[in-house]
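The structure appears right after this line, and notes come after that.
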Amino acid sequence: MGNRGMEDLIPLVNQLQDAFASIGQNSSLDLPQIAVVGGQSAGKSSVLENFVGKDFLPRGSGIVTRRPLVLQLINCPTEYAEFLHCKGKKFIDFDEVRLEIEAETDRITGQNKGISPVPINLRVYSPHVLNLTLVDLPGMTKVPVGDQPADIEHQIKEMLMQFVTKDNCLVLAVSPANSDLANSDALKIAKEVDPQGLRTIGVITKLDLMDEGTDARDILENKLLPLRRGYVGVVNRSQKDIDGRKDITAALQAERKFFLSHPSYRHLAERMGTAYLQKILNQQLTNHIRDTLPGLRSKLQSQLLSIEKEVEEYKNFRPDDPSRKTKALLQMVQQFAVDFEKRIEGSGDQVDTYELSGGAKINRIFHERFPFDLVKLESDEKTLRKEISYAIKNIHGIRTGLFTPDMAFETIVKRLIAQIKEPCQKCVDMVINELVNTVRQCTQKLAQYPMLREEMERIVTQHIRDRESRTKEQVFLLIDIELAYMNTNHEDFIGFANAQQKSSQMSKKKAAGNQVIRKGWLTINNISIMKGGAKEYWFVLTAETLSWYKDDEEKDKKYMLPVDNLKLKDIEKSFMSSKHIFALFHNEHRNVYKDSRQLELASESQEEVDSWKASFLRAGVYPERTVASGDGQIHSLDPQLERQVEIVRNLVDSYLSIIHRTVRDLIPKTIMHLMVNNTKEFIHSDLLANLYSCGDQNSLMEESQEQAQHRDEMLRMYHALREGLSLIGDISTSTITTPMPPPVDDSWLQVTGMPSGPHPNRKAMCWQCEKQCADLALNRARSRQPPAARMGSWSFWVHPCHQTYLIMVKIVLLGRATPFSTLKNVLRRYPPLTMVNITGSTPG
């Protein structure tokens, strides 16, 4: 291809723009370009038409440019235009270009003045243009018309910001000369996005329409509001010329004549006009592209690396390959089996850091939720003792029993064991739900084949449901086995002899040593507002105490609470709080924490609360139940009956603890064997056969439209990035270019805002000083000595108050002496825009 020079830089960016616009990524890549900004009717469209030498842009009142127009000018022997959305169609008649812009605008925005940020890409080939790329943006507007929303000004500004805030975008700020430059919409935008003035090029239009006796010489000489890249003045066709179809070539000749003949501009004539503006824009855009090439190359390379792995899968895609669908089906099934096993076994390469899922969630069900549900089954003390009493009395019948009947023990134990079926069934249901969720998560990678995904989910979920009945039967069988025979010779069973000596406190869990059970953050919810309200602390739970600290360094201990005689209960969530709450309280109704009868603890999630409850179980803190306070609660005054009730109560506690240990061990094992492991084996061994037997494999492996579109977009993006890097690699960046213009006094750009009133540091100006300043301004205005206080010009005054103000004065010269009071009112109407420091105190 050879080593091309700097003249190929702008066509290079044009190719990149087209490549990325065709895949809808033109706004995501910061390509070097020139954005044309300005207020409505500032003359932006006329400047662009002068570049081309043709009338091709829509005209009218109000907002005309309603979509960004990316205009690529290319020097070529023949003259025609092309739209990116009409590839292959050449427009010779530029009136048709205007109609196509209007039609394409209406297609997206409607016909009633709506706007859209979606750009129109237009390429113009002509021997009369220099290589240039500009983006014509909608003009700033204040009042909505037609069906425009009330916030049209905000919407247009937001659209402009999408372009001009990018570091690689030069800003062509178009301002009319016949209005105050300080109020220029274009310069306000430039000041906001380019405070250093490195990217802004000023254009002053309508120089021929300024009031008689006024000029823009200070602006064009870059003395007033200077820009580093300077200002260029142009003279566009008037509305009368446009309506009369005045030839643009004749208009350019008239523009040249205007600058050569005007006394204020003739010394600047070689640096004014449309031809010079086009030349300087070509030069500055070329230099700008050269300066930004290294960063652009890095950005293209990083984007290429980010999609290369995904594109690698698509490179060898052959839609007509008969074996492709079979291979893809095998790969999808194998990938699904691997993903499912990894999620269950916990070795997945994509680890979820936001919530528990898969095997971790099932583990929590087995070891936290299920044990807690078992403990919650325990009957409250009052009811249990009453049932034992009634059982003993009914067994003795009419006779008075001398011995404790073992049938009372067996009857109570069987009833309590039968209740275990409910939490066991609940445990199976929770595991099934998690398995189904895991299947859905694993099939997300099959989104490209919606039929396959749906069928695979159906087959595996159906298998899980089929195993549900088998698993529940086996779980219930385990409970029925425990009901079939009461093994009172179990080595851990206390027996009747020990039960007679055991006190009611023996049922409490004895923890070995002061072992740390759990640490974590909890919120104490019942601290009064006067004391600061709810606060979060670092809690440490051991087998004997619950302590909390200011932070997890565990240096500043706030309190330590013994866990003996503590119970826990659930607290309903307050409508003012999103946290889940549980409470600790003393079973003897004493204060637990300072003046509070209960300690309310809160956490963000119910899972965290359940986990803490399970940890408290290990410390011997059980859910709430009513404690018996004497034989009055069982309506008996028989001491022998009381003794028999206490013996049976101790025996029931001892035997149930054995049953609970057995159930907590066997139920998870049963569920794992019959449900979880069986599902894994089914996926590995039988899933593929079930898919083949369900019908037509071709329909199963039909791609979704979204996937086909995504694949095509990724491939186009890949080739566009490769092409862009190849084009950049062929460009010589060693060519000597014009250096950046020297810095200017751009302090006006760096002011954060223009105050609407006097400067806050300004001292009150005395009447004499104010009159002195006014007289000076009036004299200068009359004599027209520069810098005169005329329309759109600036003057410096230093008065005896040792303050200097840059004030914009707008004076209407009536050909007679202007009364001082009138001039003073004018000064007050235009307050100081900023303060500058000038040494000296002599007026004038």
Verify, without hydrogens or angle tests, whether [X] (side chain) and [Y] (backbone) share a donor-acceptor contact under 3.5 angstrom.
X    : Y    : result
S46  : G43  : no
R266 : S261 : yes
H288 : L170 : no
Y125 : E82  : no
T165 : M161 : yes
N75  : V129 : yes
Q33  : T133 : no
R67  : P119 : yes
Y231 : L225 : yes

Where [X] and [Y] come nearest, the two heavy atoms and their spacing:
X    : Y    : result
A177 : I204 : CB-CG2, 3.5 Å
V37  : A186 : O-CB, 3.6 Å
S45  : L57  : O-CD1, 3.5 Å
A35  : V164 : CB-CG1, 4.0 Å
P68  : V118 : CD-O, 3.9 Å

Could you grab the distance from atom [atom1] of [X] to atom [atom2] of [Y], nearest 0.5 Å is fine?
X    : Y    : atom1 : atom2 : result
K157 : M159 : NZ    : CE    : 14.5 Å
I120 : L71  : CD1   : CG    : 11.5 Å
I101 : F94  : CD1   : CZ    : 10.0 Å
L69  : E104 : CG    : CD    : 11.0 Å
M210 : S264 : CE    : OG    : 9.0 Å
L277 : T205 : CG    : OG1   : 11.0 Å

Any non-hydrogen side-chain atom of [X] less than 4.5 Å from a side-chain atom of [Y]?
X    : Y    : result
L207 : F259 : yes
L260 : R256 : yes
L172 : V203 : yes
L122 : V70  : no
F51  : L281 : yes
D211 : N178 : no

inquiry  = Closer than 4.0 angstrom, basic N to acidic O: yes or no for E49 and R98?
reply    = no
task = Decide yes or no on side-chain contact (heavy atoms from CB on, under 4.5 Å) for V52 and L73, but give the supporting numbers first.
result = CA-CA 8 Å; V52 178; L73 306 181; 3.6 Å; yes
Result of checking R199, K279, R229 against Q284 for side chain to side chain contact (heavy atoms under 4.5 Å, CB included) = R229
Among I201, T200, L198, the one residue meeting side chain to side chain contact (heavy atoms under 4.5 Å, CB included) with R228 = L198
task = Test side-chain contact (heavy atoms from CB on, under 4.5 Å) on L132 and L134 and set out the steps.
result = CA-CA 7 Å; L132 199 57; L134 306 109; 3.6 Å; yes
inquiry  = Can a side-chain donor-acceptor contact be found between E221 and H267 if the only test is distance below 3.5 angstrom?
reply    = yes
message = Can a side-chain donor-acceptor contact be found between S126 and E79 if the only test is distance below 3.5 angstrom?
response = yes
inquiry  = Can you confirm whether or not the ring centre of F91 sits under 6.0 Å from the ring centre of F83?
reply    = yes
By side chain to side chain contact (heavy atoms under 4.5 Å, CB included) - contacts of N50 (at least two apart) = N236, I248, L252, T274
